[in-house]
Amino acid sequence: MELTGAQIFLECLRKEGVEVVFGYPGGAIIDIYDQIPNYPFKHILVRHEQGAVHAADGYARATGDVGVCLVTSGPGATNAVTGIATAYMDSIPVVCFTGQVPTPLIGNDAFQEVDIVGITRPCTKHNYLVKDIKDLAFTVRQAFYLARSGRPGPIVVDLPKDIMQTKAEFIWPEDVSLRSYNPNLLPHTGQIKKVAKLIEQAERPIIYAGGGVISGGAEDELTWLAKSLNIPVTATLMGLGSFPGNDPLWLGMLGMHGTYAANMAINNADLVLAIGARFDDRVTGKVDTFAPKATLVHIDIDPTSIQKNVAVHVPLVADCKSALSALKAEMEPNLDAVKAEEDHAVWVRQVQQWAETHPLRYKKGGKHIKPQYVVEKVYEISNGDAIVATEVGQNQMWAAQFYKFKKSKSFLSSGGLGTMGYGLPAAIGAQMAFPDKLVVNIAGDGSIQMNIQEMMTAVCNNLPIKIVILNNGYLGMVRQWQELFYNRNYCETCMDAQPDFVKLAEAYGAVGFRVTEEKDVVPVLTEAFALPKTCIIDVRVDPEENVYPMVPAGASLTDMLLV
Amino acid sequence: MRHTLSVSVENEPGVLSRVVGLFSGRGFNIESLNVAPTLEEGVSLMTITTVGDEQIIEQIVKQLRKLVTVIKVVDLTELKAVEREMVMLKVNAEDAKRAEILRIVDIFRCKVVDVSVDELTLEVTGDHGKTEALINLLARFGIKEIARTGTVAMKRALQA
């Protein structure tokens with residue numbers, strides 16, 4: 001039987017097992033919307049296309065599956081670009097389908113026409129314009145395959161309106177292999193032996209884990225490696241949750257706002273095992289002085305990550321799970337657990353001493369509520385079991401520092417691109433995937449206003465997301481930089497002209513709380529977390545609190561500003 | 001150092017901008033670029049010459065391989081290869097200079113492809129070094145116009 005392009009497209013989504021689509025209709029995509037009621041998946045109508053992509057991204061991060069979004073041509077597509085770039089920088093599998101003007105009009109500056117394939121070429125893993133109905137099913141199939149395989153990433157598929165109206169036979173392509181795309185997955189045996197040997201000989205090893213551990217599903221292997229060999233673990237922002245945040249070997253995050261212990265350990269280690277991480281500038285600080293005493297081992301699925309920022313001694317191209325499994329197979333038979341423990345005992349003690357002398361801390365007892373205190377209480381009240389989304393800036397760093405992530409896929413944050421406005425829609429995506437879990441968005445008063453319109457999406461879908469605004473009336477992270485490096489010239493960072501967030505919550509049909517005194521933090525959070533409704537908790541925190549430790553941009557990791 | 005990369009790509013719309021966009025977006029240089037179809041249907045060959053230290057060239061090669069539409073990348077600089085580019089130049093050739101220019105044409109095995117009262121248009125084929133040498137030699141006569149192709153290159157059959 002012949003189907004229209006729109007039907008073929010939706011059949012493909014069904015074949016891919018898509019359960020939720022985040023989208024926004026428009027003229028060029030209307031043929032697909034016309035058919036959506038006939039298909040089993042849920043469509044979530046967002047209020048802005050950026051929200052659709054972030055929601056699909058949040059869904060993908062929380063589940064590990066591909067997130068799907070559907071937007072129209074022109075402004076619909078350009079609104080999606082920030083979301084696409086966010087997913088690209090953090091290697092998140094998202095497929096974004098964009099409407100396009102009919103093929104005969106392409107290039108004519110038609111109404112709502114934009115060259116979205118051209119625009120998104122540098123911020124997608126790959127993208128497509130479907131110009132022939134015969135290519136449609138295969139293209140959709142490839143898009144999902146590319147998004148989730150190898151180093152994951154966003155894919156854009158541009159769908160001209162006339163193709164959606166053309167009829168053709170629906171043939172689902174079983175084979176999706178591409179001659180020009182072979183993600184190299186298996187680790188080189190020689191390199192595995194080399195790494196095993198290095199680990200055996202190391203006196204002061206440290207694991208530096210990144211988002212690749214989570215996207216590669218290598219958390220158990222990582223935990224095995226750390227625990228059986230008694231190796232301390234630090235992680236990047238993207239790697240939070242890859243190793244239990246309440247384990248004694250856990251040092252906290254490293255880098256610009258990393259812990260004293262993590263940064264000192266990197267600086268003094270004789271072996272750094274970088275696993276699924278990419279030596280980002282926020283992690284390394286000054287590259288020349290990063291891990292100066294260490295042999296660097298770099299495990300990553302993407303060859304371009306290796307030797308890009310830092311010259312490493314032992315590269316190992318493979319997905320983290322295969323690499324660490326191979327390493328385990330190599331090391332386990334000869335493993336002397338007692339010896340391994342003893343070998344690194346002095347080092348682990350040293351590292352823990354650093355953690356004890358300079359733990360993550362903040363000054364207590366002032367007249368203001370401290371934002372860190374709020375995050376600590378969010379952690380305690382949620383038992384550490386919440387899915388935590390964040391916006392970007394101080395709120396994000398405090399969430400990363402003070403919420404101890406026990407499981408992977410429980411921290412959703414825009415790491416690479418640093419997209420303000422990410423948290424609320426990402427929380428929507430996560431709550432759609434896990435309706436019964438507690439999903440908290442830790443926000444700032446600046447960031448939350450960047451996609452505040454998605455409140456309506458949350459409320460009308462009965463998503464009981466808890467938005468905790470650490471409200472300091474500033475664009476706090478920029479203000480912090482101005483305070484520390486720009487002579488306190490607080491130019492345009494004071495944003496105390498703000499909506500009444502409680503009334504705003506009510507206007508959207510959500511529940512609003514305001515907290516102005518420390519004693520109310522716990523009772524209000526407890527009450528809000530128990531409510532089966534979307535809640536905004538507007539916590540007025542110390543306006544000039546800073547995130548510490550801080551390594552100034554471009555300085556060495558040991559040059560930390562401490563509390 | 002100058003490297004010549006031979007890049008096989010899927011012959012489809014947008015593939016050139018993916019490659020070129022990669023270079024501009026990541027701050028790499030393209031010195032010359034040549035694209036044409038190959039004998040295999042659906043496959044085009046790009047020959048790209050670029051300049052950079054070892055680490056940059058390694059990144060370029062890896063980034064190119066990462067593009068989904070790139071089938072194969074070979075750095076010919078590491079191999080024995082034949083390279084050619086073609087240059088056409090229009091050079092001042094008044095009566096007094098003409099004989100000497102024609103002598104150079106002879107030495108370099110160029111062709112004269114157009115003549116006027118006081119100009120000669122020459123065609124030369126050779127590797128980058130040869131064409132550069134010719135341009136340098138003819139500069140003193142006054143080169144009025146120049147048009148050159150990118151490099152095309154091929155691995156030699158015997159690599160020993």
Side-chain angles (χ1 to χ4, degrees), chain A residues 85 88 91 103 106-107 115-132 135 138-139 142-143 145-147 149-158 176-184 278-279 287 298 300-312 315 317, chain B residues 1 3 5-30 33 35-48 50 52-75 77-78:
Chain A
Y88 182 68
S91 307
T103 44
I106 290 178
D115 173 15
I116 197 63
V117 168
I119 288 173
T120 58
R121 208 169 272 138
C123 62
T124 50
K125 181 170 172 182
H126 196 54
N127 59 15
Y128 298 92
L129 167 64
V130 180
K131 286 169 98 172
D132 188 330
D135 300 333
F138 187 53
T139 306
Q142 279 182 60
Y145 167 61
L146 288 176
S149 61
R151 179 177 181 175
I155 309 290
V156 165
V157 183
D158 204 16
V176 72
S177 58
L178 296 165
R179 63 174 165 186
S180 54
Y181 176 76
N182 302 296
N184 180 15
R278 60 187 176 90
F279 295 90
V287 169
H298 190 184
D300 203 281
I301 194 167
D302 182 357
T304 68
S305 286
I306 288 167
Q307 319 291 25
K308 185 172 69 180
N309 299 334
V310 168
V312 297
V317 177
Chain B
M1 191 185 154
H3 282 247
L5 307 178
S6 185
V7 184
S8 314
V9 298
E10 299 284 354
N11 184 2
E12 59 179 50
V15 63
L16 179 60
S17 43
R18 285 183 207 282
V19 170
V20 173
L22 186 155
F23 276 79
S24 61
R26 293 190 179 267
F28 305 140
N29 288 309
I30 294 182
L33 171 70
V35 196
T38 61
L39 288 178
E40 193 179 342
E41 202 177 327
V43 178
S44 286
L45 186 72
M46 292 187 184
T47 311
I48 302 171
T50 181
D53 61 28
E54 214 172 297
Q55 192 231 345
I56 289 178
I57 300 294
E58 187 186 328
Q59 262 300 309
I60 292 175
V61 170
K62 290 200 276 195
Q63 292 285 358
L64 282 169
R65 285 186 181 139
K66 191 173 158 180
L67 291 177
V68 172
T69 38
V70 168
I71 302 165
K72 193 175 173 191
V73 184
V74 179
D75 185 351
T77 320
E78 295 162 357

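Chain A is the first sequence line, chain B the second, and so forth, proteins listed ahead of strands; every chain is numbered from 1. For the numbers below, each heavy atom of this structure counts, side chains included, while hydrogens, waters and symmetry mates do not.
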request  = Assess the side chains of B:Lys66 and A:Tyr181: does a donor N or O sit below 3.5 Å from an acceptor N or O?
outcome  =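 A:Tyr181 and B:Lys66 do not have a side-chain donor-acceptor pair below 3.5 Å.
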
ask   = Can a donor-acceptor pair be found between the side chains of B:Asn29 and B:Thr50 at a distance below 3.5 Å?
value =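 No, B:Thr50 and B:Asn29 have no side-chain donor paired with an acceptor closer than 3.5 Å.
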
query = Can a salt bridge be assigned to the pair A:Arg179 and B:Glu40 using a cut-off of 4.0 Å between side-chain N and carboxylate O?
reply =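 A salt bridge is present here (some side-chain N lies under 4.0 Å from a carboxylate O).
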
key: Heavy-atom contact with chain B under 4.5 Å, split by part of A:Asp302   =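 Only the side chain of A:Asp302 comes within 4.5 Å of chain B.
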
Contact class of A:Leu146 relative to chain B, heavy atoms under 4.5 angstrom =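 It is the side chain, since no backbone atom gets that close.
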
request  = Give a yes or no on whether A:Lys131 atom NZ has more than 12 heavy-atom contacts from other residues, nucleotides or ligands under 6.0 Å away.
outcome  =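 Not buried by this count: 12 neighbours or fewer within 6.0 Å.
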
Which bit of [X] is near chain A, if near means a heavy-atom gap under 4.5 Å: side chain, backbone, both or neither?
{"X": "B:Leu67", "value": "backbone"}
{"X": "B:Val68", "value": "both"}
{"X": "B:Gln63", "value": "both"}

ask   = For B:Val43, does its backbone N or O pair with a side-chain atom of B:Thr38 as donor and acceptor, under 3.5 Å?
value =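 Answer holds: yes.
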
message = Using modelled atom types and a 3.5 Å cut-off, is there a donor and acceptor pairing between side-chain atoms of A:Gln307 and backbone atoms of A:Val312?
response =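 Yes; judged by distance alone, with no hydrogens or angles, the pair exists.
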
message = Between B:Arg18, B:Glu12, B:Gln55, who has the most heavy-atom pairs with chain A when the cutoff is under 4.5 Å?
response =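 Top count of heavy-atom pairs under 4.5 Å with chain A: B:Arg18.
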
inquiry  = Only pairs of heavy atoms separated by less than 4.5 Å count here; which of B:Ser17, B:Ser8, B:Gly25 has the most with chain A?
reply    =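 That would be B:Ser17.
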
